[in-house]
Amino acid sequence: MEISSKYSPAEVEGKWYQYWLDNKLFSSKPDGREPYTVVIPPPNVTGVLHMGHVLNETIQDILVRHARMEGKNACWVPGTDHASIATEAKVVNRLAEQGVKKADLTREEFLKHAWAWTEEHGGIILKQLRKLGCSCDWDRTAFTMDGPRSESVIKVFVDLYRKGLIYRGVRMVNWDPKALTALSDEEVVYKEEHTKLYYMKYYLADSLPSDFVAGEGNVVHKDDRGYYAVVATTRPETIMGDVAMCINPNDPKNQWLKGKKVIVPVVGRVIPVIEDEYVDIEFGTGCLKVTPAHDVNDYMLGEKYNLEAIDIFNDDATLSDRIASAQQKSLAEVSVPEGLVIDLQKYVGTERFACRKQIAEDMVAAGLMEKIEDYDNKIGCSERTGVPIEPKLSMQWFLKMQHMADISLAPVMNNDIQFYPAKYKNTYRHWLENIKDWCISRQLWWGHRIPAWYIEPTGSPLPTSPIGEESPWGKVIVAENEEEAYKLALEKYPVLQSLPLGGDGGGFTLRQDEDALDTWFSSWLWPISLFDGIRNPGNEEIKYYYPTADLVTGPDIIFFWVARMIMAGYEYEGKMPFRHVYFTGIVRDKLGRKMSKSLGNSPDPLELIEKFGADGVRMGMMLSAPAGNDILFDESLCEQGRNFNNKIWNAFRLVKGWAVAPVTVPEGSPEGQQPEAARIATQWFAAKLRLAAEELADDFSKYRLSEALMTVYKLFWDEFSSWYLELVKPAYVDGKPQPVDRATYDATLQFFEILLKMMHPFMPFITEELWQALYDRKAGESIMRAELHLPAATDADRQLCADFETVKEIVTAIRAIRSQKNIPPREPLTLEKTLPQPLPSGRGEAGAQSSNDSEALPLTGERGEGLSSAIMKMANLSAINVVAEKSKGSASFLVGTTEYAVPLGSLIDLDAERKKLEAELEHLQGFLVSVEKKLSNERFVQNAPAAVVEMERKKQADAQQKIASIRETLANL
RNA sequence: AGGAGCGUAGCUCAGUUGGUUCAGAGCGCUUCAGUCACAUUGAAGAGGUCAUCGGUUCGAGCCCGAUCGUUCCUACCA
């Protein structure tokens with residue numbers, strides 16, 4: 001059978017993925033095994049695969065496949081998120097391209113478009129995950145807005161409302177003037193911007209006496225028009241909503257303003273000067289304008305001092321005509337000097353930034369601007385639409401968070417839920433300790449509509465309630481559906497019982513709240529709702545699969561999602577939603593920049609898969625992805641992954657290409673006998689595998705996946721390919737490969753199978769391909785379900801591996817001699833091992849010497865013969881001789897304290913050899929001095945543990961012996 | 001502004017409780033290698049005052065303090 005020398009992923013990946021699907025190998029049902037559950041962080045339903053997903057999903061797949069091979073019942077549940085604001089924005093944009101405005105559509109019409117878009121794009125990303133090899137149980141695919149999930153959301157909303165945890169109220173919220181919706185604090189991102197700081201003149205309304213003298217330290221401004229205060233702001237347009245000026249009562253500069261009234265420039269409103277220590281004396285002039293409707297802090301001041309809030313904006317952040325009417329009203333009350341006022345009508349309807357520019361220009365022209373400075377500012381922007389958010393007072397639904405924080409802080413802090421890396425515990429704690437109520441309503445249509453109904457009369461006049469009964473009008477009823485809401489309404493407001501529902505007049509209707517819920521109000525239930533734990537508490541699946549094992553996600557959504565899932569988990573299941581959280585880093589390009597469409601530095605994962613294979617891409621991603629660290633992604637890492645695949649492929653080609661000697665060979669015939677080198681190699685590699693398995697288990701237990709990958713990478717490439725296979729490779733005779741003996745062949749296939757299993761979680765496709773080809777497999781069998789259990793490594797294993805490291809050192813030293821002397825690998829050499837020389841009396845510690853022999857490599861006995869033949873084969877030696885004194889003209893080297901020499905005859909370069917030895921001697925002498933200095937320090941000998949002192953003595957003895965050995969060699973040269 | 005993290009080879013990073021010849025790995029780089037699995041390869045090799053300064057200790061890459069550089073998170077400085 002001819003096998004290509006290059007591995008072609010494209011030919012095998014699709015085939016095996018289909019095989020896995022056909023044989024239901026991803027599917028999971030509750031059974032007697034230990035469950036291992038992962039729920040996918042649901043990608044946006046209309047999203048496409050990007051590098052961040054590749055990282056995240058690869059990690060999950062590695063964990064899931066690893067658990068599955070441990071014999072656990074692995075269940076990875078896939079799904080998508082409706083991503084309300086992001087998806088709605090996309091739909092709005094697409095409609096706009098077709099010339100359709102959202103405002104012209106009814107809710108139902110819009111939702112039809114949104115669903116169509118979802119059908120069209122939904123699930124693309126899930127298809128792409130298959131290309132990556134993800135072993136999700138696709139039969140469980142869910143969507144945050146599908147039937148069961150939606151019902152769960154509504155049920156939870158009603159439940160929390162009835163618990164008194166959800167309330168409705170007017171609050172300052174983050175308003176997105178583009179999406180026309182409120183946002184949670186977490187949806188606001190701050191951007192650094194270069195702006196201006198405007199210093200505006202607020203003239204005193206009451207004229208100061210002509211003999212006015214400001215007190216010591218006061219800073220007073222005066223011009224032709226009179227005395228004025230100066231207020232610095234980045235947002236001059238908001239002066240239209242000014243209702244007060246605030247100073248710090250302790251500010252010496254502004255004492256003269258106490259108790260005064262000032263005139264808002266342009267607007268002409270007369271406002272009081274109030275005092276509050278909130279104001280920073282150092283900033284600007286120490287005078288703060290107070291605009292309760294448009295700034296969170298001003299809002300708090302407004303509440304405190306009972307100030308009016310004048311909302312100057314429409315919902316889309318254009319100037320409202322309220323500014324003009326407010327101006328007329330205030331001008332009617334108090335007359336102000338000419339020249340201070342501009343008719344605000346000219347600004348009505350202008351966009352906020354255009355207005356800012358205009359009003360600044362107008363103020364400069366009118367002499368109302370003291371100065372304008374450059375200023376660097378951080379502006380809060382909508383995470384989704386990117387436009388600066390506008391603090392806005394509006395009626396919204398909130399979830400009280402204190403209770404949620406109370407139940408979710410401890411489990412993380414005491415490691416019931418473990419974070420990897422643990423540093424995110426700090427971030428988590430800080431957020432919970434400063435928790436604010438969660439604004440859960442969004443003025444969007446795409447999402448779960450809030451299950452609240454308002455009782456409204458039809459027609460007029462309003463039917464009146466009997467004395468003593470509360471009027472139902474405008475009251476809200478929260479219920480799971482309209483019928484229930486109707487029932488509740490009648491119960492609560494008996495007056496309604498006699499009224500018709502609907503109709504033209506004299507009756508009542510229930511009008512459902514227009515708002516939808518924040519997307520995260522459905523995602524926080526994900527680990528529960530996927531197993532129907534909300535609608536059907538205590539069902540078999542939720543009992544079996546919950547809590548899930550591992551959550552893999554980015555630290556950017558620790559508040560949005562992780563913390564809230566923990567809250568919901570304890571609130572609704574009384575248990576953590578997951579035991580471990582693995583925080584991935586952010587995928588950046590190799591220059592450390594975030595990947596973005598505009599930079600064009602974000603490769604298309606599917607193209608990468610086409611180029612390097614899914615296994616190669618997965619490996620490239622994992623090679624530099626320690627938990628929590630950002631990943632500087634470089635295509636060359638995928639290339640490395642592909643090269644590794646090719647290496648595995650060719651090792652397989654080698655092994656499967658061997659002819660195997662017949663089992664029945666004549667007694668005593670050399671044919672079919674296992675060579676010494678192969679015998680020791682198989683023993684060694686079996687031991688090596690057991691040690692590696694322990695290392696892998698340790699890496700996995702600590703979620704050090706990139707190190708686990710590096711462990712198998714080196715195990716396969718260096719240990720198995722470069723050492724083991726070279727050792728057992730049959731010799732060529734007359735240009736023809738000899739058959740390999742049965743014992744070696746069988747051992748090699750077994751090793752190969754174990755290696756494939758170790759690599760499978762990282763590289764599912766190539767390992768399945770080769771596993772299937774390694775032995776005859778039954779239909780439906782798969783490496784996916786092959787369990788990997790190796791016996792624990794023994795001390796004998798460790799000793800053998802240590803001996804083998806010495807073998808490698810000797811071989812490497814001989815190869816280096818070849819390389820330096822230009823001796824071709826095919827020319828055989830001989831090796832001399834010199835017997836240990838007794839140290840000159842009086843030097844070193846008597847006790848330390850005897851240990852030397854035990855660590856020297858044995859070259860006799862069964863093991864010694866094996867190790868010798870291994871050295872001979874790998875270094876191409878014709879003989880290893882144990883000698884009392886090495887040959888003249890040989891290149892020598894030390895391994896441990898044992899001296900080896902390769903006789904080179906005329907090839908030896910005595911000068912070079914001498915130089916090398918002298919350099920080594922110098923180094924050793926320096927080393928010896930430092931060791932002896934340490935040992936002569938009484939405090940060291942007294943204080944350090946005995947074992948450490950003993951180690952130093954041994955170092956001393958070893959160094960002395962080596963020095964003696966080198967001196968002797970030098971003397972003989 | 002506050003908090004957290006990081007700084008080890010050209011690059012990306014390990015380095016666990018302070019103690020073994022501890023200064024490591026992968027990639028890259030240099031030299032050599034062309035029929036016999038693989039050039040997507042093999043062999044050999046060079047590279048670092050562990051950011052800087054000080055302290056604790058018999059002993060510091062590791063612990064403490066300061067400084068510099070850098071990254072991230074949180075926050076209402078108009």
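Convention: sequence-line order gives letters A, B, ...; per-chain numbering from 1.
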Of all the choices, [options], which nucleotide is nearest to the side chain of [X] once you look at every atom?
X	options	answer
Arg815(A)	A44(B), C38(B), U40(B)	A44(B)
Asn426(A)	U40(B), A44(B), A4(B)	A4(B)
Arg653(A)	A37(B), C73(B), C58(B)	A37(B)
Ser722(A)	U16(B), A43(B), G5(B)	A43(B)
Arg826(A)	U35(B), G45(B), A78(B)	U35(B)
Tyr713(A)	G26(B), G45(B), A78(B)	G26(B)
Arg642(A)	G26(B), U41(B), U40(B)	U40(B)
Tyr190(A)	C76(B), C58(B), A44(B)	C76(B)
Lys436(A)	C76(B), A78(B), A25(B)	C76(B)
Glu726(A)	C77(B), G19(B), C38(B)	C38(B)

Separation between the [atom1] atoms of [N] and [M], rounded to whole Å:
N	M	atom1	answer
U57(B)	C62(B)	P	16 Å
C38(B)	A33(B)	C1'	15 Å
A60(B)	U17(B)	C1'	14 Å
C50(B)	C63(B)	P	16 Å
G47(B)	C29(B)	C1'	9 Å
U52(B)	G7(B)	P	13 Å
U67(B)	A1(B)	P	14 Å
U35(B)	C22(B)	C1'	45 Å

Notebook entry, point to check: Watson-Crick or G-U wobble partner for U74(B), using a 3.5 Å limit on both distances?
Noted result: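 Partner of U74(B): A1(B).
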
Next item on the list: Go ahead and name the base partner of G69(B); Watson-Crick or wobble counts if both distances stay under 3.5 Å, otherwise write none.
Entry: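 Matched G69(B) with C6(B) under the 3.5 Å cut-off.
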
So, does [X] get its side chain near the phosphate of [N], meaning an N or O under 4.0 Å from OP1 or OP2?
X	N	value
Asn943(A)	C58(B)	yes
Tyr7(A)	C38(B)	no
Lys378(A)	C76(B)	no

Notebook entry, point to check: Lys702(A) near the nucleic acid: base, sugar-phosphate alone, or nothing, with a heavy-atom cut-off under 4.0 Å?
Noted result: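 Base: the residue Lys702(A), judged by heavy atoms under 4.0 Å, touches a nucleobase.
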
Notebook entry, point to check: Under the 6.0 Å and 45° cation-pi test, does Lys371(A) pair with Tyr199(A)?
Noted result: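 Yes, Lys371(A) lies over the aromatic ring of Tyr199(A).
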
Next item on the list: In whole angstrom, give the distance that lies between atom CD of Glu433(A) and atom P of A75(B).
Entry: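 Roughly 14 Å, once rounded to whole Å.
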
Item checked: Smallest separation among heavy atoms of Pro730(A) and Gln738(A), with atom names ->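 Residues Pro730(A) and Gln738(A), closest heavy atoms: CB-O, 3.2 Å.
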
Margin query: Can you say whether a donor on the side chain of Asn297(A) sits under 3.5 Å from an acceptor on the base of C76(B), or the other way round?
Written below: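 Present.
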
